[in-house]
Amino acid sequence: MLDRAYLRQNFEEIKVRLANRVDPGVLEEFAETDSKRRAAVTEIQALQERRNELSALVAKARRGGEDALDIVRDARNVHAEIHEREASVNALDEAMDSVLSRIPNTPHATVPHGTDDSANLEVGRWGDRPEFSFRPKPHWDLGVDLGIVDFERAAKLAGSRFAVYVGAGAKLERALMNFMLDRHTREHGYAEILPPFVANSKCLYGTGQLPKFADDLFKLEGTDYWLVPTAEVPLTNLYAGETLSADDLPILLTGFTPCFRSEAGSYGRDVRGVIRQHQFQKVELVRIVTPEESYDALERLTLDAEDILQSLGLPYRKVLLSSGDMGFSAAKTYDLEVWLPGLDEFKEISSCSNFEAFQARRTGIRYRRSPGRKGKAEFVHTLNGSGLAIGRTWLAIIENYQQADGGVLLPDVLQPYLRAERIAPGGSLV
RNA sequence: GGAGGAAUGGCCGAGUGGUUGAAGGCGGCGGUCUUGAAAACCGCAAGGCCCGCAAGGGUCUCGGGGGUUCGAAUCCCUCUUCCUCCGCCA
């Protein structure tokens, strides 16, 4: 969330910056709630001051051997009045939290203004699209023909939008997981984390999925557990509520999890293949840094994701999202879109964002510049990005490396993991 | 799942109803001494919120929430987490 005082003091400016991102009514609700709350707090604090004075008088009188019954009577009245007003102060506090949690992050100055993806800016392109002497198949045909993915049997287990990976398909998924984690830990300096695949409400609130996007999540009935929609949730919340020292930063974390998304409201979109699933696997990158280095960190984190695409020889483009297309919590986002020859389009495979202090405020991650207790604790900046979505990498590989005979070549870097050079037309690794 | 115990500031640890926002120690910061460092000694140090241009004032905070009381770190209820024992279990 945004800082309450900062929002109050820069209200008109922030209103302009959030133009395409929030209903103006929500900002008016903030201003109104804020002034109501402050008036109520001021009142109740004056009453508390009166109560404390009277209590001190009672203590003094008792020490002098008097009973001070009249003072006690006054104090009792003040106590009752405080009690009465407490409820409305609490309600205003909650209203304040509620309205603040519905206000998205302010876009960075370098973010293009716009209402949707049409204002996005392509900032880079890498790799040559493969040329085929035949018409390249989409992965759903290719994968099913090879027998390495099975949608019909997956439907028996869990329904639509699930996949069962079989044989070389399963091994390819596992190889990608290992390759990505190895690369990020060995070459890019990330620490590997294997977190729980469920998280509680507080964590999802902290990273911004709740309260607004509960419909996108799976919740475990009768519990406060949610299936994680991304490893961003556990990795960022790892340090929730902690005050770190400057020496601890930057913190670089990578982790593999399955990601579970209800995909409510996406009926009819990307229904074929493994583009949009209720469960997909992903290796995530998280950086926790000081405010002054967060934009440099965004560039580096994005390059870490790009390195995976380049190592795998997958052509892609890099897109700077417009203010209208960015996620709720982000201040700046790059999307990496991989080329899919079977589908004949670029498709998002990684989304790398700087959240500035937005998530740090919600999760309570602070740090101290100078050691010890001297020096105020400040909020850190958090960033994350996919490094990469494994399911989409899987399909990008089979579509880009497909051969005329129906087989698939394997990128060099994966061959040691799979101990094979290609997937033969029958689906076996050879 | 059952039975007990615990939770205090950066860390350890006192504190069972009235200047205790909190002794003491460690750690931190500043200083004296020293060529420098160490040691020793002296001193300084919590955060949130509200009012205020400011100086400053007020209020809340001893795991979270609620209650008793004129007054709660201290008494009661509840939740969470951790520890010990029992049961179950990959």
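The shown structure was predicted, so the numbers you read here are calculated from the model rather than taken from an experiment. In the text below, chain A, chain B and the rest are named by the order of the sequence lines, each starting its count at 1.
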Carboxylate-amine/guanidinium proximity below 4.0 Å for [X] and [Y]:
| X | Y | answer |
| --- | --- | --- |
| Asp216(A) | Arg261(A) | no |
| Glu293(A) | Arg287(A) | no |
| Arg73(A) | Asp70(A) | no |

Is the phosphate of [N], meaning OP1 or OP2, less than 4.0 Å from a side-chain N or O of [X]?
| X | N | value |
| --- | --- | --- |
| Arg8(A) | C50(B) | yes |
| Arg37(A) | C50(B) | yes |
| Arg51(A) | C70(B) | no |

| said: Quick check: on RNA chain B, is the nucleotide nearest Gln45(A) upstream (toward 5') of the one nearest Arg38(A), or the reverse? Name the residue that is more 5'. | reply: Arg38(A)
| task | Using the closest heavy atom to pick a nucleotide of RNA chain B for each, name whichever of Arg50(A) or Arg73(A) lands nearer the 5' end. | result | Arg50(A)
Whole Å only: how far is the [atom1] atom of [X] from the [atom2] atom of [N]?
| X | N | atom1 | atom2 | value |
| --- | --- | --- | --- | --- |
| Glu242(A) | G63(B) | CD | P | 18 Å |
| Asp34(A) | C49(B) | CG | P | 12 Å |
| Asn200(A) | G64(B) | CG | P | 18 Å |
| Arg366(A) | G10(B) | CZ | P | 11 Å |

Using atom [atom1] of each nucleotide, how far apart are [N] and [M] to the nearest Å?
| N | M | atom1 | result |
| --- | --- | --- | --- |
| C12(B) | G28(B) | C1' | 15 Å |
| G10(B) | G65(B) | C1' | 27 Å |
| U69(B) | C76(B) | C1' | 12 Å |
| A23(B) | U8(B) | C1' | 12 Å |
| U74(B) | A7(B) | P | 12 Å |
| C75(B) | G15(B) | C1' | 16 Å |
| U20(B) | C60(B) | C1' | 16 Å |
| A39(B) | G31(B) | C1' | 16 Å |

Across all strands shown, which nucleotide pairs with [N] by Watson-Crick or G-U wobble geometry, both distances under 3.5 Å?
| N | answer |
| --- | --- |
| U34(B) | none |
| C70(B) | G18(B) |
| C82(B) | G5(B) |
| A46(B) | U61(B) |

| said: Within the structure provided, determine whether Arg183(A) and Ile308(A) are in side-chain contact (heavy-atom separation under 4.5 Å). | reply: yes
| Tell me, do Lys282(A) and Phe256(A) make a side-chain contact under 4.5 Å, heavy atoms counted? | no
| task | Kindly state whether the ring of Phe355(A) and the ring of His381(A) have centres lying under 6.0 angstrom apart. | result | no
| field | NZ or CZ of Arg362(A) within 45° of Tyr205(A) ring axis and under 6.0 Å | value | yes
Residue [X], side-chain heavy atoms: nucleotide from [options] that is nearest:
| X | options | answer |
| --- | --- | --- |
| Asn52(A) | C60(B), C70(B), G18(B) | C60(B) |
| Val41(A) | C50(B), C70(B), G71(B) | C50(B) |
| His79(A) | G18(B), U59(B), C70(B) | C70(B) |
| Asn90(A) | G66(B), U59(B), C49(B) | G66(B) |

| task | Assess whether one donor atom and one acceptor atom, taken from the side chain of Arg62(A) and the base of G18(B), lie less than 3.5 Å apart. | result | yes
| request: Spell out yes or no: do the side chain of Glu49(A) and the base of G58(B) have one donor N/O and one acceptor N/O closer than 3.5 Å? | output: no
